[in-house]
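To start, the structure itself, in structure tokens.
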2 protein chains.
Amino acid sequence: MATGRTDPERRDRIIDAVLDLIVDEGVAGVSHRKVAARAGVPLGSMTYHFSGMDELLHEAFTRFSGTIVAVFEERLGAASTPDEAREAVADLVHHLSGGNQRELILTHELYTLAARRPAYRELTRTWMGRSRRALEWHFDPATARQLDALIEGLSIHRALETEPHERALTVEAIARITAPDPAGPRGAERG
Amino acid sequence: MATGRTDPERRDRIIDAVLDLIVDEGVAGVSHRKVAARAGVPLGSMTYHFSGMDELLHEAFTRFSGTIVAVFEERLGAASTPDEAREAVADLVHHLSGGNQRELILTHELYTLAARRPAYRELTRTWMGRSRRALEWHFDPATARQLDALIEGLSIHRALETEPHERALTVEAIARITAPDPAGPRGAERG
DNA sequence: GCCCGAGGCGTACGCTCGTACATTCTCCTC
DNA sequence: GAGGAGAATGTACGAGCGTACGCCTCGGGC
């Protein structure tokens, strides 16, 4: 029996504030008080809308991973040949490891939680599964799996480097991992 | 002018306790009190031996990354052909992503710090640099860089999966990324 | 035998935190 | 306009925190 007085945007604004705060100070720096201040809501709202810290974080990372994977699917969906898919993958690597610290930080914070806690590992598994399925639009499952791992590693390393590697290196690595296996029983490409 | 009464093992024991505590509760769960209790030293020792929380963490992760990279170098140093090197790399991936949650957790905690703070990024850069140099004992620099990223991605993804991928997939990915480039100007192998 | 200085430690201060809960507010019903 | 139900909030409590700092302890110099 909603009276209509409730503010449906409030939860969303709180989640937004949580993500911003994680970027600025890390999961460790998130507190109900800081989130409330940033979202412009009273402290009491925090316990009213969320059962506790954990629901807050879980919901925030659910939204975040959903956003990232959507970009991934969109870019790969727009490709219509394996070569276009390779280009899209290179774009994604360089987008993820580019200037935007935001996604990098949030990803690592999530992985750190996932390494210890099953509820968050579930989140990363869903994410990985959807990424792979998108890659399988263009490549066979084994290749998709390898390529997914390569994307991960290239993005992380590139973001941590003093002099980020150039696009040519990314492109070459992608070409190698998706190259048809000369001696193997199957080709890597589908399209 | 040391009087000889100082306990040189104390610092080490404290660092050990810090790493154990990070594994159990994460960087966020580390406090002077908990570390002191675990190391069996009085609380006052913490501020006496370390300037603060940050020195504690930085020293702990310095030791950790040194340990990991030493294993890496040892395994790759024992290989004398590119094929043996490939086997060693596969071993390392499956060792890192195997049952031992410890190294996985510590790695992610470090990366999370590195994503936000330059002092820790320096640590990861040194680590990456040494790993690459070890890979360059067997492969050319560009391949070493790509392989290093692949190792990272495979380890992370394998550790997060419900059903970790089998060795064959790892081996295939390594073979692909280190395969001599048929059309390229240079082979990937050195040895 | 006495003292002194460095090594080592216990304690207390000031702060932030999560959360429970009594209270206030707002709008609908009659 | 009175009443009430449910939404929203302010506040206070108990706990844990980092760290500063005064005190103790003890080996060595004389």
Side-chain angles (χ1 to χ4, degrees), chain A residues 1-62 109-110 112-113 116-117 119-120, chain B residues 1-62 109-110 112-113 116-117 119-120:
Chain A
M1 314 289 174
T3 59
R5 193 159 53 86
T6 65
D7 180 3
E9 297 177 23
R10 175 146 298 192
R11 272 183 75 95
D12 281 347
R13 273 197 298 133
I14 290 175
I15 295 292
D16 287 343
V18 171
L19 287 172
D20 288 350
L21 197 55
I22 293 173
V23 171
D24 286 355
E25 311 192 26
V27 166
V30 175
S31 75
H32 280 165
R33 283 170 173 82
K34 289 185 197 166
V35 172
R38 196 175 276 240
V41 303
L43 176 60
S45 268
M46 300 305 298
T47 43
Y48 181 75
H49 289 285
F50 298 90
S51 70
M53 206 60 211
D54 221 61
E55 184 177 334
L56 210 53
L57 289 176
H58 197 273
E59 205 145 325
F61 280 116
T62 302
E109 294 278 358
L110 172 55
T112 298
L113 287 176
R116 207 187 325 274
R117 306 189 35 197
Y120 294 89
Chain B
M1 314 299 168
T3 60
R5 197 156 53 85
T6 64
D7 180 3
E9 297 178 20
R10 176 145 299 192
R11 271 183 76 95
D12 281 348
R13 275 197 298 132
I14 291 175
I15 295 293
D16 288 343
V18 170
L19 286 172
D20 287 350
L21 197 55
I22 293 173
V23 171
D24 286 355
E25 310 191 26
V27 166
V30 175
S31 74
H32 280 167
R33 283 169 175 81
K34 288 185 197 167
V35 172
R38 196 176 277 238
V41 302
L43 176 59
S45 267
M46 301 305 298
T47 43
Y48 180 74
H49 288 287
F50 298 90
S51 70
M53 205 61 208
D54 221 60
E55 185 177 333
L56 209 53
L57 289 176
H58 197 272
E59 204 145 325
F61 280 116
T62 301
E109 295 277 359
L110 173 55
T112 298
L113 286 176
R116 206 186 326 274
R117 305 189 36 197
Y120 294 90

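Because only heavy atoms are used, hydrogens play no part in the values below, and waters and symmetry mates are left out as well, while side chains stay in. Below, read A as the first sequence line, B as the second, and so on, with proteins coming before strands; counting in each chain starts at 1. Computed from a predicted structure; not experimentally measured.
Atom pair B/Tyr48:OH and D/dT25:P shows a separation of 17 Å (rounding to whole Å applied). Remark: P of C/dC9 and NE2 of B/His49 are 7 Å apart, rounded to the nearest angstrom. When rounded to the nearest whole Å, the span between CZ of B/Arg11 and P of C/dG8 equals 12 Å.
A pairwise comparison of heavy atoms in A/His49 and A/Arg11 identifies O-NH1, 2.7 Å as the closest pair. Considering all non-hydrogen atoms of both residues, A/Tyr120 and A/His58 come closest at OH-N, 3.5 Å. Between B/Leu56 and B/Ile15, the shortest heavy-atom contact is O-CD1, 4.0 Å.
Between the A/Arg116 side chain and the B/Val23 main chain, a donor and an acceptor come within less than 3.5 Å of each other.
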*B/S/- contact track for nucleotides 10-19 of chain C, protein heavy atom under 4.0 Å*: BBB----BBB
*Please test B/Lys34 against B/Val30 for side-chain contact (heavy atoms from CB on, under 4.5 Å), starting from the C-alpha separation and ending with a verdict.*
CA-CA 7 Å; B/Lys34 288 185 197 167; B/Val30 175; over 6 Å; no
